Amino acid sequence: MSEAAPLRRAALGAGRYFGAAVRADQLAGDDRLRAVLLRDCSVITPEIHLKWDAVEPAPGAWRHGAADDLVAFGKDHGIQVRGHTLIWEQSTPRWARERLLHDRDWALVDRWFGAVLPRYRDAIRQWDVVNEPIDTEHGDGGMRRTSFQRAFGNDYVERALRAAHAQAPAAALYINDYSFDYANPVDAARRTALLRLIERLKRRDVPIHGIGLQAHLDLAKGALDEAGLGRFLREVAGFGLEIAVTELDVRESDRRAPLPLRDRRVADAVAAYLGVVLAEPAVKGVITWGLSDRDSWLQDQDSRNRTDLAGLNRGLPYDALLGRKPMYWTIRQAFAEARAIA
Ligand code: XIL
């Protein structure tokens, strides 16, 4: 692989894709970000524009513009768009949560799905249908207590997948969730809970095609459970599902250390993680939650506009000035070392 090979090409060499989350406003105002994105990404995930609260902030007040822009951008440049996300408690507008709990009428969910699934039927081939359904600490049988769960019971996941399939029969339907990665009892319990959910869905022939691993790594969490994670991925694959790393980034634990050391720690965490996940052939691609530290959701509110770069979290492949960091080279190396899949 040549020195200049971008991540997209490195991923392709391993039979995978590489992509990043992006916001339409960032892209529109920044030619350099566009150039970097076009170079490295074969997939983009709208960071916020396909969430219910972004698309329908008030009943019937549809706002499709930003998502349409990203879809058009993808089409113009041969970049796939991932649909994120149909059902997520945190991105469900308050008015809809109140109505769900009050009426317990699935028609509201069908109506929401109907606003986006048919609209992007040709453009979006992969959807996170349910985001973050697992909660082993405060949940009900491992299922997070959300407005949907309270209104319709734990079966809401099955209903959502069936409803999405009815409206977008060709789309790959995913469940997306976090914290399956580290050597601690919570992550272990979460892996088990997700496997149980998959098992229930498969037993009932529910259309589910993939699992998204958010992979928000956190340097304060200690060691990855490499064996546990690898076993979990094999079990997910054993159900016939594909897997994607959907939101990779790294939260630092010590922003006072020298920059080279900080960047090395981030890169090492990514290397360890991708070493495990890319060993599993069911893992089809890797998406980072943004490209540049400048745009990362991990920045504290007050550090977002800082010119002092050292104050920023450095958990994405590019720094705030769009310089490539060790994390970038590590991702590239991980693809180069991965066993290629067909
Ligand atoms: C985050 C975005 O990055 C923020 O800009 C937004 O304010 C909230 O959502 N898990 C997910 C993503 O599935 O949708 C979240 O994205 C980050 C956590």
Side-chain angles (χ1 to χ4, degrees), residues 3-8 10-11 18-23 25-27 29-41 43-45 47-48 178-182 213-224 226 245-278 285-337:
E3 184 49 32
L7 296 181
R8 174 169 48 84
F18 177 81
V22 67
R23 294 169 50 157
D25 50 313
Q26 295 161 356
L27 208 54
D30 189 338
D31 291 346
R32 289 184 63 222
L33 180 66
R34 269 169 100 88
V36 162
L37 193 146
L38 290 174
R39 207 174 157 270
D40 281 316
C41 297
V43 180
I44 52 176
T45 304
E47 184 175 345
I48 48 178
Y178 65 92
S179 281
F180 304 118
D181 318 306
Y182 287 95
L213 311 170
Q214 291 187 4
H216 293 297
L217 304 183
D218 185 338
L219 297 185
K221 286 196 175 164
L224 288 174
E226 299 194 10
V245 175
T246 53
E247 305 185 14
L248 178 65
D249 59 14
V250 184
R251 185 188 289 275
E252 291 186 85
S253 57
D254 176 8
R255 297 189 195 173
R256 282 168 320 233
L259 282 195
L261 176 60
R262 290 172 55 187
D263 288 351
R264 183 44 40 218
R265 286 175 177 155
V266 166
D268 286 350
V270 168
Y273 185 76
L274 292 184
V276 176
V277 298
L278 293 177
V286 176
I287 294 172
T288 52
W289 204 242
L291 279 173
S292 157
D293 292 334
R294 184 194 59 197
D295 302 324
S296 171
W297 75 303
L298 293 175
Q299 304 312 348
D300 319 324
Q301 281 313 323
D302 63 337
S303 61
R304 261 195 189 247
N305 296 319
R306 274 167 86 155
T307 43
D308 155 28
L309 296 188
L312 298 176
N313 190 77
R314 295 175 64 85
L316 285 172
Y318 286 86
D319 70 18
L321 299 174
L322 289 179
R324 282 174 260 184
K325 290 184 303 171
M327 178 174 170
Y328 180 95
W329 306 111
T330 294
I331 295 172
R332 213 180 73 151
Q333 188 62 24
F335 283 127
E337 287 170 6

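Both backbone and side-chain heavy atoms feed into the values below; hydrogens, waters and symmetry mates do not. Nothing here was measured: the structure is a model prediction, and the numbers come from that model.
- Note that CG of D319 and CE of M327 are 12.5 Å apart. Values are rounded to the nearest 0.5 Å.
- When all heavy atoms are compared, the tightest approach of Y182 to A223 is CD2-O, 3.3 Å.
- With respect to the salt-bridge test (charged N to carboxylate O, under 4.0 angstrom), the residues K221 and D181 do not qualify.
- A salt bridge links R264 with D268; the closest basic N to acidic carboxylate O contact falls under 4.0 Å.
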Give the intermediate values and the outcome of side-chain contact (heavy atoms from CB on, under 4.5 Å) for residues C41 and V22.
-> CA-CA 11 Å; C41 297; V22 67; over 6 Å; no
Dump the intermediate steps for side-chain contact (heavy atoms from CB on, under 4.5 Å) on R314 and L259, then the final yes or no.
-> CA-CA 9 Å; R314 295 175 64 85; L259 282 195; 3.7 Å; yes
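- Judged purely by atom type and a 3.5 angstrom limit, Y178 has no side-chain atom pairing as donor or acceptor with the backbone of E247.
- Side chain of D263 to main chain of P258: no donor-acceptor pair is present (N/O by atom type, distance under 3.5 Å, no hydrogens or angles).
- Atom CG of L291 is separated from atom OH of Y328 by 9.5 Å, given to the nearest 0.5 angstrom.
- Within the 3.5 Å criterion, the main-chain N or O of D293 finds a donor-acceptor partner in the side chain of Q299.
- The line from CG of L219 to CG of D254 is 9.5 Å long, rounded to the nearest 0.5 Å.
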Evaluate the side-chain contact (heavy atoms from CB on, under 4.5 Å) criterion for residues V245 and Y273: first the C-alpha distance (whole Å), next the side-chain angles of each, then the deciding distance (0.1 Å), finally the verdict.
-> CA-CA 10 Å; V245 175; Y273 185 76; 4.2 Å; yes
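- Considering all non-hydrogen atoms of both residues, L316 and S292 come closest at CD1-O, 3.4 Å.
- Using a 4.5 Å heavy-atom threshold, the side chains of L37 and Q26 count as separate.
- The two residues A272 and E226 make their nearest non-hydrogen contact at CB-OE2, 4.0 Å.
- For the atom pair CG (L298) and NE2 (H216), the distance works out to 7.5 Å, reported to the nearest 0.5 Å.
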For side-chain contact (heavy atoms from CB on, under 4.5 Å), just list the numbers for L278 and V286, CA-CA rounded to whole Å, side-chain angles, deciding distance to a tenth of an Å, and then say yes or no.
-> CA-CA 9 Å; L278 293 177; V286 176; 4.2 Å; yes
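- Residue A334 comes nearest to L274 through the heavy atom pair CB-CB, 3.7 Å, listed as atom of the first residue, atom of the second, then distance.
- To the nearest 0.5 angstrom, L248 atom CG is 10.5 Å from I287 atom CD1.
- Expressed to the nearest 0.5 Å, how far CG of L217 lies from OG of S179 amounts to 10.0 Å.
- In terms of modelled atom types and a separation under 3.5 Å, the side chain of R332 and the main chain of A5 share a donor-acceptor contact.
- Remark: R265 engages no residue in a side-chain hydrogen bond (donor to acceptor under 3.5 Å, both in side chains) (not counting sequence neighbours).
- You'll find the side chain of R23 stays beyond 4.5 Å of the side chain of D295, heavy atoms only.
- Distance alone, capped at 3.5 Å, is enough to place a donor-acceptor pair between the R262 side chain and the R255 backbone.
- By the 4.5 Å heavy-atom criterion applied to side chains, W289 and T246 are not counted as neighbours.
- Contact annotation: the side chain of D30 approaches that of R294 to within less than 4.5 Å [non-hydrogen atoms, C-beta and beyond].
- At distances below 3.5 Å, at least one donor-acceptor pair connects side-chain atoms of T288 with backbone N or O atoms of G290.
- Nearest approach of P317 to I331, heavy atoms of both residues: CG-CD1, 4.1 Å.
- With respect to the salt-bridge test (charged N to carboxylate O, under 4.0 angstrom), the residues D40 and R324 do not qualify.
- Checking side-chain atoms of R32 against main-chain N and O of L321 turns up a donor-acceptor pair under 3.5 Å.
- Shortest non-hydrogen contact noted between Y318 and K325 is C-CE, 3.7 Å.
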